[in-house]
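Working notes for the structure below.
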Amino acid sequence: MKAYILLILAAMFYAGNLIVGKPVTQEIPPIMLSFFRYLIAAIVILPIGYREWKNNKELWKKEWKAILALSITGLVLFNIFVYLALNYTTSINAGIVEASTPIFTLILTFLLFGERFSRKQMLGVFISLFGVFFVITKGSLEVITSLQFNSGDLIMLLAMITWSFYSIFIKQHTWKFPTYGALLVMVVVAIIIFIPLMTIEMNQFSTINWSWKVIAGLIYLGVFPSLVALIAYNKGIEAIGPSRASVFLNLIPVFTMLGAVIFLGEQLTWIQLIGSFFVIFGVLITNRAKLKKR
């Protein structure tokens with residue numbers, strides 16, 4: 001029961017990244033926002049991860065390539081793309097596209113490592129991709145023929161592909177590292193990468209309105225999606241296994257829809273409801289097929 005509560009909380013906090021991130025991105029540009037988010041995360045994780053970092057210095061040197069790959073894909077590029085996407089699309093659309101991550105991960109493992117699909121997995125992939133395509137095109141042939149896609153939805157797709165690479169790297173390397181020490185190192189590496197990138201947005205710094213809402217949003221993003229959700233999700237995986245735990249991520253678009261309607265005043269459309277149904281249904285079929293295969 002405790003594991004299920006932790007996994008539901010993790011999905012809520014991940015959804016909160018899209019809900020809270022939406023208004024904050026209106027004030028802080030994506031690279032700066034990502035930098036400040038992980039600066040806060042570093043301050044919070046430092047007391048917890050310092051000992052693991054100190055006791056494994058040789059490990060970090062030896063596995064620097066893996067740490068760099070994880071930081072660039074999961075912390076740097078993913079967050080820049082997500083916060084950039086939220087400037088142009090709704091939180092609801094972003095949540096629906098985010099739910100398709102397992103599908104993109106499966107496609108990448110097929111392309112990179114030749115991992116074969118079962119028939120059920122292929123069915124799940126097509127159903128989920130149809131759902132994403134349905135939302136992005138608004139179910140309109142005119143959008144497809146005129147190629148008038150929402151740029152935010154397309155950028156969100158890039159974010160999901162980046163996260164899929166991160167998921168593959170996690171599967172390959174995460175077993176080597178102590179949890180909190182690795183998180184601290186990855187966050188610090190990401191901060192170092194963000195510093196030169198912020199020069200791109202430096203001219204926008206003076207226009208930021210540092211209201212209490214923006215500061216509170218930053219603190220939320222730095223603590224809950226960055227750390228608390230990750231720890232809760234990892235604890236859930238330890239208790240019930242990765243395949244069963246991953247199903248709870250399908251709650252992200254549901255919580256995003258609820259939060260976006262209640263807190264952001266976004267309008268929920270039938271196209272979004274139908275699209276999210278296909279995405280979640282396709283992911284469930286794929287996960288069940290993977291579980292049976294194992």
- request: Kindly indicate, with the supporting measurements, whether the criterion side chain to side chain contact (heavy atoms under 4.5 Å, CB included) is fulfilled by I208 and M32.
  value: CA-CA 11 Å; I208 297 172; M32 281 188 189; 4.1 Å; yes
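- In summary, the aromatic rings of W163 and F81 are positioned with their centroids too far apart to meet the 6.0 Å limit.
- Using cut-offs of 30° and 60° on the angle between ring planes, the pair F205 and F36 is tilted.
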Test log, rule side chain to side chain contact (heavy atoms under 4.5 Å, CB included), inputs L68 and K65: CA-CA 5 Å; L68 187 62; K65 288 181 182 178; 5.7 Å; no
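- The CD1 atom of I28 sits 10.0 Å away from atom CG of N209, with the distance rounded to the nearest 0.5 Å.
- A donor-acceptor contact closer than 3.5 angstrom links the side chains of N17 and Y83.
- Using a 4.5 Å heavy-atom threshold, the side chains of P253 and Q272 count as separate.
- For K61, the salt bridge (Lys or Arg N to Asp or Glu O under 4.0 Å) partners two or more places apart in sequence, or in a different chain, are E58.
- Cluster membership for L258 and F263, using ILVMFWY side-chain heavy atoms within less than 4.5 angstrom, is not shared.
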message: Walk me through whether N150 and N93 qualify under side chain to side chain contact (heavy atoms under 4.5 Å, CB included).
response: CA-CA 10 Å; N150 182 316; N93 271 28; 5.5 Å; no
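- Cluster annotation: L6 is not connected to I48 through the hydrophobic network of ILVMFWY side chains, with a link wherever side-chain heavy atoms come within less than 4.5 Å.
- In this structure, the side chain of S128 does not engage the main chain of V125 through any donor-acceptor pair within 3.5 Å.
- In this structure, CG in L9 is found 14.5 Å from NZ in K235, a value given to the nearest 0.5 Å.
- A side-chain donor-acceptor contact under 3.5 Å links W60 to the backbone of W53.
- When all heavy atoms of S164 and L108 are compared, the closest pair comes out as CB-CD1, 3.5 Å.
- Considering only heavy atoms from C-beta on, L33 comes within 4.5 Å of L218 through its side chain.
- Shown here for I103 and G282, the closest heavy-atom pair between the two residues is CD1-O, 4.4 Å.
- Note that CD of E266 and OG1 of T256 are 9.5 Å apart. Values are rounded to the nearest 0.5 Å.
- The main-chain N or O of V223 is never found under 3.5 Å from a side-chain atom of S226 such that the two would form a donor-acceptor pair.
- Classified by interplanar angle (parallel below 30°, tilted 30° to 60°, perpendicular above 60°), the ring pair F224/Y220 is parallel.
- Taking all atoms of both residues into account, the shortest heavy-atom contact from V214 to E27 is CG2-CG, 3.7 Å.
- No single ILVMFWY cluster, assembled from side-chain heavy atoms under 4.5 Å apart, contains both V228 and I19.
- Across all their heavy atoms, L221 and R37 have their closest contact at O-NE, 3.3 Å.
- Residues I136 and L157 meet the side-chain proximity criterion, which asks for heavy atoms closer than 4.5 Å.
- Note on I43: it does not cluster hydrophobically with V187, by side-chain heavy-atom contacts below 4.5 Å among ILVMFWY residues.
- Between the side chain of K213 and the backbone N or O of P23 there is no donor-acceptor pair closer than 3.5 Å.
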field: Y38 and N79: CA distance, side-chain angles, deciding distance, side-chain hydrogen bond (donor to acceptor under 3.5 Å, both in side chains) verdict
entry: CA-CA 10 Å; Y38 284 108; N79 284 285; 2.9 Å; yes
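- Follow the hydrophobic side-chain contacts under 4.5 Å out from L111 and you reach F104 in the same cluster.
- Here the closest heavy-atom approach between residue V279 and residue V132 is recorded as CG2-N, 3.6 Å.
- Residues I72 and F78 form no side-chain contact, since every pair of their non-hydrogen atoms from C-beta on lies 4.5 Å or further apart.
- The aromatic rings of F277 and F281 lie parallel to each other, with less than 30° between the two planes, well short of the 60° mark.
- In this structure, CE on M12 lies 14.0 Å from OH on Y14, to the nearest 0.5 angstrom.
- By the 6.0 Å contact criterion, CH2 on W210 is enclosed, its count of non-hydrogen atoms from other residues, nucleotides or ligands being greater than 12.
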All N/O donor-acceptor pairs, side-chain side in residues 188-199, below 3.5 Å, sequence neighbours left out:
from : atom 1 : to   : atom 2 : distance (Å)
T199 : OG1    : P196 : O      : 2.6

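- Residues L86 and L18 share a closest heavy-atom pair of CD1-O, 3.9 Å.
- Separation of atoms CD1 (I285) and CD1 (I127) is listed at 3.5 Å; rounding is to 0.5 Å.
- Y180 is not listed as a side-chain neighbour of L184, based on a closest heavy-atom distance of 4.5 Å or more.
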message: Before you tell me yes or no, could you show the steps for L70 and F177 under side chain to side chain contact (heavy atoms under 4.5 Å, CB included), namely the whole-Å CA-CA distance, both residues' side-chain angles and the distance that decides it to 0.1 Å?
response: CA-CA 12 Å; L70 288 163; F177 308 125; 4.2 Å; yes
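- P29 places none of its side-chain heavy atoms less than 4.5 Å from the side chain of L84.
- In this structure, I45 CD1 and Y50 OH are separated by 15.0 Å, a value rounded to the nearest 0.5 Å.
- Heavy-atom contacts from other residues, nucleotides or ligands closer than 6.0 Å to NZ of K176 number more than 12.
- When side chains are defined from C-beta on, S91 counts as touching L264, because their heavy atoms get closer than 4.5 Å.
- Without hydrogens or angle criteria, T162 side chain to L158 main chain gives a donor-acceptor distance under 3.5 Å.
- Taking 4.5 Å as the limit, some side-chain heavy atom of Q26 sits within range of a side-chain heavy atom of N87.
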